[in-house]
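One structure is given below, encoded as structure tokens.
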Amino acid sequence: MTRQSDALSALPVTALKGVGPKSAERLARLGIRQVQDILFHLPLRYQDRTRVTPMAVLRPGDEVVVEGEVEHVEIRFGRRRSLLVHLSDGGSRVILRFFHFSAAQKNALKPGLVLRCFGEVRNGPACLELIHPEYRLAGENDPEVLEETLTPVYPTTEGMHQISWRDLTGKALELLQGSDQGLQEWLPPALLQEFSLMELTAAICYLHRPPRDAEQQLLLDGVHPAQQRLAFEELVAHQLSLRQARQLQRRKQAPRLMGDGKLRQQLAQALPFTLTGAQQRVLGEIAADLQQATPMLRLVQGDVGSGKTIVAALAALQAMEAGFQVALMAPTELLAEQHLKNFLHWLEPLGVRVGWLSGRVKGKARQALLQQLADGDLSLLVGTQALFQEDVRYHSLGLVIVDEQHRFGVHQRLALREKGGSDRLIPHQLIMTATPIPRSLAMTAYADLDLSVIDELPPGRTPVQTLLVSDARREEIIQRVRSACARGRQAYWVCTLIEESEALQCQAAEEVAQQLRQALQGLQVGLVHGRMSAADKEQVMTAFKAGEVQLLVATTVIEVGVDVPNASLMIIENPERLGLSQLHQLRGRVGRGGVESHCVLMYHPPLGRQARERLAVLRESSDGFVIARKDLQLRGPGEVLGVRQTGEMQFRVADILRDQSLLDASRQAADRLLAEHPESVQPLVNRWLGVNTRYAGV
Ligand code: ADP
Ligand code: MG
């Protein structure tokens, strides 16, 4: 902790030679302000320019240095005019192919010259080729100009060339090596030793300029000790930032929601079922939290169909008993509407006043609603993200319930906190998700939340039989739908489409519905997709629930939460395009009644081995956790947690799937730092989460 090393961390990029205000500005846009940030801008991969590769051993895809004599130069006039340079190293030949070239360049490339080139090897029509390689004349005694280390390739954006990155990192490394302290090591020595971690400065230097004999495969896989060292520190920093968020949260005041239990009792008595043990346990956990003066932040995890909604309703009643308002938010309008219906059905008989707000509620209706909300005339507001727009004011918001949280991110969680009622009290938060995340992952991804798991399904469910069928048998499947409906059952037909735009997806779903209407005359075929008006969707869903529509064609908008117990057959087109957890959610729409249900995964052949293996997981398991684990292995945690879309949890080095073995250790380390080295907490968070972290301000 000497002056000198602190100074190095805090040094602005302009301290590097050749970095003026203009480059500094460009770097700042990438979040790079200090020399330290440059040092933490790590290569994606490496090129080996340390040796000349004999042409005989080249393989497509390799990036190599080759050296050879020009045998022949020609211009080909094909689809694209190209300059071909035939190069030989005695044993074998390759062709250099250029699409952009000048006459001078062509004329300079004379047979007999020896060239040294660097580029990626590709298969060409005649032999292996290098497309637009870097090249220059090779000198007599050239070996010394080969690189001494592997050449880093950095993540970059337009206008920043690899050369600039290499130059910048080179200068930063020089500065680092010149200072006698190196980078500030914030992890205490005991910890480094205990987890056999490399020293920070050594790891950074290694990763920017690995020696020529470095194990490239380890580096590419991200499991080299130098990378693991950084991954560990990053995970620790991430833990710390979430813990900070949590501590800050703990310092805030929330209303104690005692409640006399009357409303809850009334609802429980009106229900046609009794709560499962798991539901009761989770409700107990929530009830205890709500009575505290610190805001609850609790994630309720429960597989599809585990009965999260009623748990939410009972929690809501506790808040209302205490005289506070509740907001219930869902990620899609369809799902929010379904909650509205359920809550109206359950709560209106108890005299609870329920309001509805989505982006489509506008003008006078919206004004009136907002007024009622502000006056405290409404006890519950159900809707979409619209619930938390700037001008929505609550009279006394005590509890926020967010369903299917994986669609929302940390930042939205934070925004909700700011919606408290009066007196700087902030509301409690209950978050429900059907995405079953393995516990160690959940504790990393959601370290700012407490976790409750509903690990039991209501009794009387029959597991869904899942079949894998080629779409060549579409006719047969259609007949299957017909006969199921003839027996009084209902079915879903889910269109998963590759079209990027929602408009095209909806259009394609319309076409499928049209075809099925033709093929299934006599049956009522309904259609729901994301572009229909709320009223139209509502009408179709109501008809489906009432059994007036037998077959519901839908896009994946029905993925979450839709509940129609009589539906016992689901066809999913092109399931190979979806993730396993998403398919599991979809499939959860059937098997909600007493009868045996089926889910037909109608794939488009040929199905690769991996895709078949993936889909087989669904056939063999109905356990969301098993499926999620497989999904994690096959797709990586970003997509499974839904963080890709929201840009949350982007790690620079760590990968919470690959580095699962580090998760527990990094949590322990975070605990120890908080307890024994509090001075290192903020610097670590700043180093890894930098200015992007909003927690500091919350
Ligand atoms: P999810 O957890 O997927 O949101 P829901 O809350 O939609 O599940 O519940 C699925 C269905 O199970 C609903 O029809 C609900 O009324 C019913 N349900 C919930 N809890 C129980 C229970 N304890 N016993 C029987 N049925 C229940
Ligand atoms: Mg649900």
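Whatever order the structure lists them in is the order used to number ligands and atoms, beginning at 1.
- In summary, the atoms of ligand 1 found under 4.0 Å from a heavy atom of L275, numbered by their order in the structure, are 23 (N).
- Here Q279 has side-chain heavy atoms under 4.0 Å from ligand 1, and that is the only part of it that gets that close.
- Under the rule for a side-chain hydrogen bond (donor to acceptor under 3.5 Å, both in side chains), Q291 has no partner lying at least two apart in sequence or in another chain.
- Using a 4.0 Å heavy-atom cutoff, G302 is absent from the residues neighbouring ligand 1.
- Expressed to the nearest 0.5 Å, how far CG of L370 lies from CZ of R393 amounts to 9.0 Å.
- A salt bridge does not link E337 to K341: none of the charged side-chain nitrogens sits closer than 4.0 Å to a carboxylate oxygen.
- Between D391 and R366 a salt bridge is recorded (basic side-chain N to carboxylate O distance below 4.0 Å).
- The contact set between ligand 1 and V304, taken as ligand atoms under 4.0 Å from a residue heavy atom, comprises 3 (O).
- Each of the atoms 22 (C), 23 (N), 24 (N) of ligand 1 lies under 4.0 Å from some heavy atom of T274.
- Cation-pi geometry between R612 and Y603 is satisfied (NZ or CZ under 6.0 Å from the ring centre, within 45° of the ring normal).
- Looking at E596 and R489, no side-chain N of the basic residue comes within less than 4.0 Å of a carboxylate O on the acidic one, giving no salt bridge.
- Contact between I454 and ligand 1 is absent, with no heavy atom of the residue lying under 4.0 Å from the ligand.
- Numbered from 1 in the order shown, with element, the atoms of ligand 1 that lie under 4.0 Å from a heavy atom of T309 read 4 (O), 5 (P), 6 (O), 7 (O).
- Distances below 4.0 Å separate heavy atoms of T276 from the following atoms of ligand 1: 23 (N).
- The shortest heavy-atom contact between L397 and P427 is O-CB, 3.7 Å.
- Any N or O atom pair closer than 3.5 Å counts here, and G305 shares at least one such pair with ligand 1.
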